[in-house]
Amino acid sequence: STGRLRRLARFLGVGVRELLDMPTRPDVRIVREAVATPVVSELDVGAGAVAIPGDPSTERFALILRGEVEIAVAAGGLHTLAAGDAAYLHAPATEIRNAGDGPAMVLLVASEAPAALRPG
């Protein structure tokens, strides 16, 4: 059982992943400037943002710095985010627009996916 695995791992002073010989993910993944594209977009009421560049394997991140923003994704779904909210997008955004009644600002970052996560 999982309870027994946890107790055995605790007794041996290892993690369950180590006990099962499962690979661990690094705590930090550094993305260098050469493979990351940051864009800060200031949006008037109702205005749209610059699309986050990249191909389907690109990792995308959006951080709302000010206001309220709606993000529509290709897979379907509309997400409303407020200042301080962030989104990791695994599919390209089809639309990013200011959904509030005042100016909005969003930081958009695209970076290459790690080789282990790239399709193909």
Side-chain angles (χ1 to χ4, degrees):
S1 71
T2 57
R4 285 185 181 167
L5 282 173
R6 286 188 195 126
R7 287 193 299 275
L8 180 59
R10 192 176 325 121
F11 175 77
L12 295 172
V14 298
V16 173
R17 285 182 177 269
E18 293 172 287
L19 189 62
L20 298 175
D21 194 29
M22 295 174 69
T24 58
R25 295 181 63 184
D27 291 335
V28 175
R29 186 171 73 83
I30 305 298
V31 178
R32 301 289 180 198
E33 178 268 338
V35 295
T37 306
V39 175
V40 174
S41 290
E42 293 189 63
L43 307 171
D44 291 329
V45 176
V50 173
I52 305 175
D55 61 36
S57 70
T58 301
E59 291 183 334
R60 295 163 178 85
F61 171 78
L63 172 64
I64 311 311
L65 302 171
R66 181 176 61 225
E68 187 175 302
V69 173
E70 285 182 344
I71 298 176
V73 292
L78 184 64
H79 308 278
T80 302
L81 300 122
D85 291 344
Y88 290 91
L89 306 167
H90 300 290
T94 56
E95 182 181 10
I96 299 172
R97 71 173 196 85
N98 182 342
D101 55 4
M105 183 182 288
V106 61
L107 168 66
L108 305 168
V109 180
S111 68
E112 283 184 11
L117 299 178
R118 290 187 199 140

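Keep in mind that this is a model prediction, so the values were computed, not measured. Because only heavy atoms are used, hydrogens play no part in the values below, and waters and symmetry mates are left out as well, while side chains stay in.
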Contact summary for A104 and N98, nearest pair of heavy atoms: N-ND2, 3.4 Å
Where at least one partner belongs to residues 36-48, residue pairs that pass salt bridge (Lys or Arg N to Asp or Glu O under 4.0 Å), sequence neighbours excluded: E42-R66
Check: R60 and L108 side chains under 4.5 Å, non-hydrogen atoms: no
Quiz: residues 68-75 side-chain donor-acceptor pairs under 3.5 angstrom, not counting sequence neighbours:
from: E70; atom 1: OE1; to: R97; atom 2: NE; distance (Å): 3.3
from: E70; atom 1: OE1; to: R97; atom 2: NH2; distance (Å): 3.1

Distance-minimising heavy-atom pair for L107 and P38: CD1-CB, 4.4 Å
In one Ile/Leu/Val/Met/Phe/Trp/Tyr side-chain cluster, 4.5 Å: V45, I64: no
Can you give each donor-acceptor pair under 3.5 Å made by side-chain atoms of residues 77-88, sequence neighbours left out, with the distance rounded to 0.1 Å?
from: D85; atom 1: OD2; to: A82; atom 2: N; distance (Å): 2.8

